[in-house]
K.L.:
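To start, I am sharing the structure in question, which I have written as C-alpha cells.
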Amino acid sequence: VNPKVNAIVTLIPEKALDMADVADQALGRGEQVGPLHGLPIAHKDLVLTKGIRTTYGSPLFKDYVPDQDALIVTRLRQAGAITIGKTNTPEFGVGCQTYNEVFGETLNPYDVTKTCGGSSGGAAAIVACGGAAFDIGSDYGGSIRLPAHFNGIAGIKPTHGRVPRTGHIFPFGGTHDSFQQLGPLARYVEDLVLLLPILVGPDNIDPAIVPMPLGDPSAVDLASLRVGFHTDNGISTPTTETQAVVRAAAEAMASLGAPVSEDRPDGLEQTFSIGFRVFGADGNAVERRLLRDAGTEQASIVTTGAALGAVELDELLADLYSVRSRMHAYFEQHDVILCPVNAKPAIPHGTTRFPDYSYTLSYNVTGWPGVVVRAGTSPEGLPIGIQVVTAPAQEHVALAVAAHLESELGGFEAPPI
C-alpha cells in the first residue's frame with residue numbers, strides 16, 4: 001500500500017526480518033515476551049532511531065543516521081515491537097499537512113486528492129492502510145488528533161507530563177514546552193489502551209514528566225459521567241455533518257443515562273489567539289537552537305518573526321495561565337467534553353484555514369488529554385472524528401468514552417487503499 005500513499009519514507013525490510021527472526025526464536029525457547037511481541041510498527045521521522053535514517057523531513061538531515069534511540073522507541077522495542085520504517089512528516093514537524101522537499105507529499109488513503117493532515121500524517125496514513133499496526137505521533141497543536149480525524153483512525157494526546165519527549169526533534173524546554181505531547185495512533189481504541197501504559201512514566205531526563213497514576217478504562221462507569229458538548233467553539237463553525245457527529249456522540253452518552261448538556265468551557269474562544277501568540281513569542285528561537293545543535297546556520301524551516309520583549313512576554317504568559325484557570329473551572333460541573341476535531345474533514349492538498357484547527361489547539365493550550373475516534377462520514381465519503389477531552393490525568397475516562405462511541409457510531413472503516 002505504501003507506494004499509493006507515500007507514508008513510509010525509510011523502509012528497513014532486512015532489519016525488520018532479522019528482528020522478527022529473533023522474536024520467533026524467543027517464542028521457540030518459551031521465553032516470556034512483551035505485550036507487543038512481533039507487532040510491526042513504524043516511527044514518525046521526528047524521533048531518533050539508532051542505525052535507521054532520521055531526516056526530520058529536512059534536506060539538512062537527509063542522510064543523518066543517529067547512534068541512539070528516542071526513549072519511546074526503546075520502550076516499544078522492550079515491549080516486543082518490530083520497527084519496519086520511518087513515516088513522513090512536514091519539515092521539523094512544522095505544519096498541518098505532510099509535505100517536505102526530501103520525500104514529497106503523503107496522500108490520504110480515502111481520497112488521494114486530500115491531505116492526510118500533519119504533522120503525524122505519514123503515521124496516520126500507513127496505519128489506516130494497514131501497513132503498520134501503529135505509530136507514535138507528536139502533538140503541538142493537533143498533530144496526533146488531526147491526522148487521526150482525517151484518516152479515520154484513533155489517536156490520543158495524553159496529559160502534558162505523561163510521556164517523555166527525549167529523542168524527539170522538539171525536546172523539552174522553551175516557552176511552549178507544555179503544549180507538546182507524544183502519543184499513539186492506531187486503528188482501534190483498544191490498541192491505544194494497550195499502548196499507552198508502555199509509553200508513560202519518567203525517564204529522569206525530561207523534567208516535565210511526573211509519575212501520575214494511569215487509570216483503567218474498563219473500570220469507568222460511563223453512566224455516571226457528566227458530559228458537556230459543543231458543536232461550535234466560537235472561532236470557526238464546522239460543517240453541518242461535523243456538528244451532527246458531535247450531537248450523535250452526545251446522544252450515545254445520554255442513552256446510557258449519563259447527564260449531558262450543551263456547554264463549552266469559559267475562555268475557549270480565546271485559546272486560539274493566545275496559542276498562536278505563544279508559538280511566535282520566542283521569535284523562532286527554538287528552531288534556531290535546533291539548527292545550532294545540528295551544527296548548521298542554514299535557515300531552512302525557520303520563519304521570520306520578532307521575539308516579544310520581557311514585558312510583553314510576561315503579559316502573554318499571564319493571559320495563557322488565566323485562560324487555563326478559567327477553562328479548568330469547567331470540570332467543577334463536567335467530567336467529559338465532546339467536540340469536533342476540526343471544522344472540516346480532510347481538505348485538498350495545499351489549502352489551509354488555520355482557525356479550523358482551533359478545536360485541537362485549544363487543548364494543547366490547556367495540556368489536557370484528548371482522544372479522537374472515527375464517528376461519522378462526510379457526504380464525500382471522508383472520515384469524521386469525534387474528540388473526547390477530559391481533565392488532566394483522566395486518560396482512562398477519555399478512552400472509555402471513545403471506546404463506547406466507537407462501538408455505537410461505527411469506528412474505523414478500511415479505506416479504498
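Scope of the values below: all heavy atoms of this structure, side chains included, with no hydrogens, waters or symmetry mates. Here the structure is a predicted model, which is why all the values come from computation and not from measurement.
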K.L.:
Working to the nearest 0.5 angstrom, can you tell me the gap between Ser273 OG and Leu316 CG?
P.N.:
9.5 Å
K.L.:
When you measure from the side chain of Gln97 to the backbone of Thr351, do you find a donor-acceptor pair of N or O atoms at a distance under 3.5 Å?
P.N.:
yes
K.L.:
Is there a side-chain contact between His334 and Phe229 (heavy atoms, below 4.5 Å)?
P.N.:
no
K.L.:
Is the shortest heavy-atom distance from the side chain of Glu413 to the side chain of Arg374 under 4.5 Å?
P.N.:
yes
K.L.:
Do Pro217 and His396 have side chains that approach each other closer than 4.5 Å (heavy atoms only, starting at C-beta)?
P.N.:
yes
K.L.:
Should we say atom CD of Glu380 is surrounded by more than 12 heavy atoms from elsewhere, each under 6.0 Å from it?
P.N.:
yes
K.L.:
Assess whether side-chain hydrogen bond (donor to acceptor under 3.5 Å, both in side chains) is satisfied between Ser138 and Ser143, documenting all intermediate values.
P.N.:
CA-CA 6 Å; Ser138 49; Ser143 290; over 6 Å; no
K.L.:
Just by modelled atom types, is the Pro238 backbone N or O under 3.5 Å from a matching donor or acceptor in the Gln243 side chain?
P.N.:
yes
K.L.:
Set out, in order, the CA-CA distance, both residues' side-chain angles and the distance that settles side chain to side chain contact (heavy atoms under 4.5 Å, CB included) for Ser378 and Thr239, then state yes or no.
P.N.:
CA-CA 9 Å; Ser378 77; Thr239 64; over 6 Å; no
K.L.:
Given 3.5 Å as the limit, does a donor-acceptor pair link the side chain of Arg165 with the main chain of Phe172, or not?
P.N.:
no
K.L.:
Would you please test Thr98 and Asn88 for side-chain hydrogen bond (donor to acceptor under 3.5 Å, both in side chains) and show each step?
P.N.:
CA-CA 7 Å; Thr98 297; Asn88 205 21; over 6 Å; no
K.L.:
Is the shortest side-chain heavy-atom distance between Tyr188 and Glu406 below 4.5 Å?
P.N.:
yes
K.L.:
With heavy-atom distances below 4.5 Å as the criterion, would you say the side chains of Ile209 and Val163 are in contact?
P.N.:
no
K.L.:
Return yes if some donor-acceptor pair links the side-chain N/O of Ser261 with the main-chain N/O of Asp263 below 3.5 Å, else return no.
P.N.:
no
K.L.:
Is there a side-chain contact between Val47 and Thr54, using heavy atoms and a 4.5 Å cut-off?
P.N.:
no
K.L.:
Which heavy atom in Pro345 sits nearest to a heavy atom in Thr242, and how many Å separate them?
P.N.:
CD-OG1, 4.4 Å
K.L.:
Please name the pair of heavy atoms, one in Thr106 and one in Gly122, separated by the smallest distance, quoted to 0.1 Å.
P.N.:
CG2-CA, 4.0 Å
K.L.:
Is there a donor-acceptor pair under 3.5 Å between the side chain of Asn233 and the backbone N or O of Ser236?
P.N.:
yes
K.L.:
Does Tyr99 reach the side chain of His349, with side-chain heavy atoms less than 4.5 Å apart?
P.N.:
no
K.L.:
If every non-hydrogen atom of Pro147 is compared with every non-hydrogen atom of Gly142, which pair is closest and at what distance?
P.N.:
CD-O, 3.6 Å
K.L.:
Output the distance between atom CD1 (Ile84) and atom CE (Met19), rounded to the nearest 0.5 Å.
P.N.:
9.5 Å
K.L.:
Using only atom types and a distance under 3.5 Å, with no angle test, would you say the side chain of Asn2 pairs donor to acceptor with the backbone of Ile8?
P.N.:
yes
K.L.:
Pick from Thr10, Asp135, Thr83: which one makes a side-chain hydrogen bond (donor to acceptor under 3.5 Å, both in side chains) with His43?
P.N.:
Thr83
K.L.:
Please lay out, stage by stage, how Phe331 and Trp368 fare under the test ring pair (Phe, Tyr, Trp, His ring centres under 6.0 Å).
P.N.:
CA-CA 11 Å; Phe331 292 117; Trp368 299 345; 4.7 Å; yes
K.L.:
Would the distance check show the side chain of Asp203 and the main-chain N or O of Ile205 forming a donor-acceptor pair, the cut-off being under 3.5 Å?
P.N.:
yes
K.L.:
Kindly assign one of parallel, tilted or perpendicular to the pair His168 and Phe170, based on the angle between their ring planes and the thresholds 30° and 60°.
P.N.:
tilted
K.L.:
Just one of Val193, Thr159, Leu192 clears the side chain to side chain contact (heavy atoms under 4.5 Å, CB included) bar with Glu395, so which one?
P.N.:
Thr159
K.L.:
Is the ring pair Phe279/His176 parallel, tilted or perpendicular, if the boundaries are 30 and 60 degrees?
P.N.:
perpendicular
K.L.:
What are the two closest non-hydrogen atoms of Ala258 and Leu225, and how far apart are they?
P.N.:
CB-O, 3.4 Å
K.L.:
Looking only at non-hydrogen atoms, find the nearest pair between Phe179 and Asn364 and report the distance.
P.N.:
O-ND2, 2.8 Å
K.L.:
Check whether any side-chain N or O of Arg324 sits under 3.5 Å from a backbone N or O of Val365 as a donor-acceptor pair, and report yes or no.
P.N.:
yes
K.L.:
Does a side chain donor of either Thr89 or Asp45 reach within less than 3.5 Å of an acceptor in the other side chain?
P.N.:
no
K.L.:
Assess the residue pair Asn6 and Leu107 against the criterion (side chain to side chain contact (heavy atoms under 4.5 Å, CB included)); give the C-alpha distance rounded to whole Å, side-chain angles, the decisive distance to 0.1 Å, and a yes or no.
P.N.:
CA-CA 7 Å; Asn6 188 37; Leu107 310 180; 5.6 Å; no
K.L.:
The test is side-chain hydrogen bond (donor to acceptor under 3.5 Å, both in side chains); show your working for Arg264 and Ser362 and say whether it passes.
P.N.:
CA-CA 12 Å; Arg264 69 190 187 205; Ser362 293; over 6 Å; no
K.L.:
Could you point out which residue of Asp335, Ile337, Asp266, Leu268 forms a side chain to side chain contact (heavy atoms under 4.5 Å, CB included) with Tyr330?
P.N.:
Ile337
K.L.:
As a test of understanding, state which of Tyr140, Phe354, Tyr357 forms a ring pair (Phe, Tyr, Trp, His ring centres under 6.0 Å) with Phe276.
P.N.:
Phe354
K.L.:
Let me see the working for Val401 and Leu222 under side chain to side chain contact (heavy atoms under 4.5 Å, CB included), right down to the final yes or no.
P.N.:
CA-CA 7 Å; Val401 172; Leu222 294 173; 3.9 Å; yes
K.L.:
Of all heavy-atom pairs between Cys96 and Leu146, which one has the smallest distance, and what is that distance?
P.N.:
O-CD2, 3.8 Å
K.L.:
Let me confirm one number: the OG1-CZ distance from Thr231 to Arg247, rounded to the nearest 0.5 Å.
P.N.:
4.5 Å
K.L.:
Just by distance, do the side chain of Arg162 and the backbone of Met212 share a donor-acceptor pair under 3.5 Å?
P.N.:
yes
K.L.:
Step by step, work out the side chain to side chain contact (heavy atoms under 4.5 Å, CB included) result for Arg53 and Lys86.
P.N.:
CA-CA 8 Å; Arg53 182 174 62 167; Lys86 306 296 288 290; over 6 Å; no
K.L.:
Which distance, rounded to the nearest 0.5 Å, do you find between the CD1 of Ile156 and the CG of Leu182?
P.N.:
12.5 Å
K.L.:
Rounded to the nearest 0.5 Å, how far apart are CG of Leu382 and NE2 of His149?
P.N.:
9.0 Å
K.L.:
Roughly how far, to the nearest 0.5 Å, is CG of Leu361 from CG of Asp139?
P.N.:
9.5 Å
K.L.:
Does the side-chain hydrogen bond (donor to acceptor under 3.5 Å, both in side chains) test come out yes or no for Asp232 and Thr237, once each step is laid out?
P.N.:
CA-CA 5 Å; Asp232 193 317; Thr237 298; 2.6 Å; yes
K.L.:
Determine whether a donor-acceptor pair (N or O, by modelled atom type, separation under 3.5 Å) exists between the side chain of Lys15 and the backbone of Gly51.
P.N.:
yes
K.L.:
Just by distance, with hydrogens left out, do Lys44 and Ser119 show a side-chain donor and acceptor under 3.5 Å apart?
P.N.:
yes
K.L.:
Do Asn342 and Thr360 come within less than 4.5 Å of each other through their side chains, counting heavy atoms only?
P.N.:
no
